[in-house]
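In what follows, a single structure is set out as structure tokens and then discussed.
Sequence positions, counted from 1, serve as the residue numbers for this chain. Whatever order the structure lists them in is the order used to number ligands and atoms, beginning at 1.
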Amino acid sequence: MEQKLLKASMKIGNHLTTYVCGPGAMEQWKGETGDVVIVSNIIDELFPEKVEKIERTMHIIVNDGESAKSMESYNDLCTKLMELGMGRDNTLWYLGGGTIGDLTGFVASTFKRGVGFSAIPTTFLSQIDSAIGGKNGINISSTKNMVGTFRNPDIILSDTEFIQGNASIIMDGLPEAIKHGFALNNNIIEFLEQTEPEKIISGEKLPEFIMMNAMAKGEICNMDPEERGETRFLLNFGHTVGHGIEAATHNAISHGTAVLMGMRMEMLVASEIEGPIAGDPLAKLDHIVEKYNLKIPKLKQNILEDAWTYMARDKKILRGEIHIPVIERSGNIRIRKIELDTLKPIYWKVLGTLSS
Ligand SMILES: NC(=O)c1ccc[n+]([C@@H]2O[C@H](COP(=O)([O-])OP(=O)(O)OC[C@H]3O[C@@H](n4cnc5c(N)ncnc54)[C@H](O)[C@@H]3O)[C@@H](O)[C@H]2O)c1
């Protein structure tokens, strides 16, 4: 059965983004003369029939992966856009995952002090997360996203044909969807509990699931479009501990797995601080992890101790207080400041559940 495209307007600050999602969403793409599309080399290889559709417009192939978010790629891209004569009235598009998106957004917002910007994200993570909210940037030395701007795309075309049937690309981004559910919208958790994984992976239930996530992220970004306050910090649920684990294992644990472990740990910390959590979100998390066959490996005690050391150096620690998202019930989280000295024994107490 042919699926209809889902379409919605997303307001983030003063900016309106048109978000289109479903199989073949890319067919909505209409490049104007002078527009340029930045294409991931992997997408060029894997989906030649899709890339063909944009060949009548100027396009530049970029080798993707984290190394694309560099000053060298930025310089190369701007030089090529100058050679192509791209004007301020043209739009720069990207066709690729989050890394190509972060690079392209930064170029679009700075080249000639800003040209048009639109997106065709091709990973599950970029469709539900990185394409939304306007953050972009490149890495300086080994520090991620050190330089960047806020710039929301005018149009996002999330074409599910890029990801349907690809379990690994969907499972890679699933932890961020689970995070959206616990932090922002319990409907996402209910959906995950009630839907067979195969229906998401095959594509049958994928567009509505992506749409729920994209809108939840858009809504929270709209409350604080340029991250002046703490609202967007809710999106950090699982990341305080998660980043510590990634750093302590030198990225041997993937970002998604570290976020899953981080959410579990932060739920345990919340219940230690505030007592039992309504609706037992930890049981829901464990159920989803099992149902979707996500793996939470056990870590050596010394790795978890190192993770604490990294956490304690977090740049968000002010006057000895760390800001952590505390879950009140599934779909509802608030930020709490807690002194590191108070948190440390609690972290140590719950550490056992993640260690081997
Ligand atoms: N701007 C934001 O708000 C935000 C939010 C979250 C993450 N990010 C950034 O996003 C990046 C991660 O994004 P990502 O997970 O999309 O990674 P990615 O762009 O590196 O893509 C992962 C891999 O998948 C490949 N790929 C892309 N589309 C594919 C497809 N349809 N089929 C098969 N392979 C495909 C890519 O070539 C790459 O090798 C990080 O740099 C992270 O910092 C940004």
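If you number the atoms of ligand 1 from 1 as listed, the ones under 4.0 Å from a heavy atom of Lys217 come out as 3 (O). Of all atoms in ligand 1, numbered sequentially from 1 with element shown, those under 4.0 Å from a heavy atom of Glu66 are 40 (C), 41 (O). Against a heavy-atom cut-off of under 4.0 Å, Phe162 is close to the following atoms of ligand 1: 30 (C), 31 (N), 32 (N). Residue-ligand proximity, Ile43 to ligand 1, at heavy-atom distances under 4.0 Å covers atoms 28 (N), 29 (C), 30 (C), 31 (N). Taking every non-hydrogen atom of Lys144 and a distance limit under 4.0 Å, the qualifying atoms of ligand 1 come out as 40 (C), 41 (O), 42 (C), 43 (O). Each of the atoms 37 (O) of ligand 1 lies under 4.0 Å from some heavy atom of Ile42.
Asn213 places a side-chain N or O within 3.5 Å of a backbone atom of Phe209 that can act as its donor or acceptor partner. Put simply, the side chain of Lys179 gets close to the backbone of Leu235: a donor and an acceptor are under 3.5 Å apart. Asp159 places no side-chain N or O within 3.5 Å of a backbone atom of Thr122 that could act as its donor or acceptor partner. A donor-acceptor pair is defined here as one N or O able to donate and one able to accept, closer than 3.5 Å; such a pair exists between the side chain of Glu266 and the backbone of Val241.
Proximity of Phe124 to ligand 1 is not established, as no heavy-atom distance is less than 4.0 Å.
For a threshold of 3.5 Å applied to N or O pairs, the pair formed by Asp172 and ligand 1 contains no separation below that value. Taking distance alone, with nitrogen or oxygen atoms compared against 3.5 Å, Gly65 stays at or beyond that limit from ligand 1.
Nearest to atom 39 (O) of ligand 1 by heavy atom, out of Ile138, Asp64, Leu125, is Asp64. The heavy atom nearest to atom 17 (O) of ligand 1, considering only Gly98, Gly148, Ser67, is found in Gly98.
Classified by interplanar angle (parallel below 30°, tilted 30° to 60°, perpendicular above 60°), the ring pair Phe237/Phe182 is perpendicular.
There is no side-chain donor-acceptor pair under 3.5 Å between Glu32 and Asn90.
Ranking protein heavy atoms by distance to atom 33 (C) of ligand 1, first place goes to Leu46 CD1, 3.5 Å. Of all protein heavy atoms, the one closest to atom 28 (N) of ligand 1 is Thr122 OG1, 2.9 Å. Asp102 OD2, 3.4 Å is the protein heavy atom nearest to atom 9 (C) of ligand 1. Protein heavy atom nearest atom 4 (C) of ligand 1, with residue, atom name and distance: Ser130 CB, 3.2 Å. Summary of contacts: the protein heavy atom closest to atom 32 (N) of ligand 1 is Ile169 CD1, 3.6 Å. With hydrogens left out, the protein atom closest to atom 24 (O) of ligand 1 is Thr123 CG2, 4.1 Å, a heavy atom. Of all protein heavy atoms, the one closest to atom 18 (P) of ligand 1 is Thr99 OG1, 3.6 Å.
A salt bridge is defined here as a Lys NZ or Arg NE, NH1 or NH2 lying under 4.0 Å from an Asp or Glu carboxylate O, and Glu226 with Lys135 fails to meet this definition. At a threshold of 4.0 Å, the pair Glu83-Lys80 does not count as salt-bridged, since none of the basic side-chain nitrogens sits closer than that to a carboxylate oxygen.
Residue Asp341 holds its CG atom at 11.5 Å from CD1 of Ile322, rounded to the nearest 0.5 Å.
Using a 4.0 Å cut-off between heavy atoms, Lys69 contacts ligand 1 through its side chain alone, with no backbone atom that close.
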Determine, stepwise, if the pair Tyr19 / Ser9 fulfils side-chain hydrogen bond (donor to acceptor under 3.5 Å, both in side chains).
-> CA-CA 6 Å; Tyr19 192 97; Ser9 281; over 6 Å; no

side-chain hydrogen bond (donor to acceptor under 3.5 Å, both in side chains) between Glu176 and His239, worked out = CA-CA 10 Å; Glu176 299 292 348; His239 285 64; 3.2 Å; yes

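The nearest protein heavy atom to atom 36 (C) of ligand 1 is closer than 4.0 Å.
Atom CZ of Arg329 has 12 or fewer neighbouring heavy atoms from other residues, nucleotides or ligands inside a 6.0 Å radius.
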